[in-house]
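Scroll down for the structure; my scribbles are underneath it.
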Amino acid sequence: MEIDGIISALVVGIIIGALGRFFASGRQKISIPMTIIVGVVAAFLGSLLARALGVETTDGIDWIELFIQIGLAVIGVTFAARTLGGRRRL
């Protein structure tokens, strides 16, 4: 993977993670880097799932793929907030 691919993955991860966090219900006590990681993973898995469902690549924005990615990000953010967020250090 080249540097432009890594930068693109981070930018997409930030956007998808932020949207996932926005649409998730309740307050999420997770860090920004965790939100980015969840966003990158959701974007990757969402792309794979969209291809498996037969969503074709278009010249414009792939709205179905985007909605799948955001849905996975909401699930990921909620899961991360429940498992990692709110831990108290003694």
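Counting heavy atoms from C-beta outward, Val40 and Val12 have side chains that stay 4.5 Å or more apart. Side-chain contact between Ile32 and Ile14 is absent, with no heavy atoms from C-beta onward closer than 4.5 Å. The side-chain heavy atoms of Ile68 and Glu65, taken from C-beta on, include no pair separated by under 4.5 Å. Looking at Leu72 and Val41, their side chains never come closer than 4.5 Å, going by heavy atoms from C-beta outward. Residues Phe67 and Ile64 have side chains not in contact (no heavy-atom distance under 4.5 Å, counting atoms from C-beta outward).
Taking every heavy atom of both residues into account, Ala73 and Gly20 meet most closely at CB-CA, 3.8 Å. Scanning both residues, Val38 and Ala80, for their nearest heavy atoms gives CG2-CB, 4.3 Å.
One distance of note links CG of Leu19 with CD1 of Ile70; it measures 4.5 Å at 0.5 Å rounding. Note that the CD1 atom of Ile37 and the CD1 atom of Ile30 stand 9.5 Å from one another [nearest 0.5 Å]. Atoms CD1 and CG, from Ile36 and Leu10 in turn, are 7.0 Å apart once rounded to the nearest 0.5 Å. Rounding to the nearest 0.5 angstrom, the gap separating the CD1 atom in Ile15 from the CD atom in Gln69 is 10.5 Å.
With hydrophobic clusters built from ILVMFWY side chains whose heavy atoms lie under 4.5 angstrom apart, Val74 shares a cluster with Phe22. Cluster annotation: Ile16 is connected to Ile7 through the hydrophobic network of ILVMFWY side chains, with a link wherever side-chain heavy atoms come within less than 4.5 Å.
When each of Leu49, Val55, Leu48, Leu53 is paired with Arg51, the side chain to side chain contact (heavy atoms under 4.5 Å, CB included) condition holds for Leu48 and for no other.
Of the possible donor and acceptor atoms, one in the side chain of Arg21 sits under 3.5 Å from a partner among the backbone N and O of Gln28.
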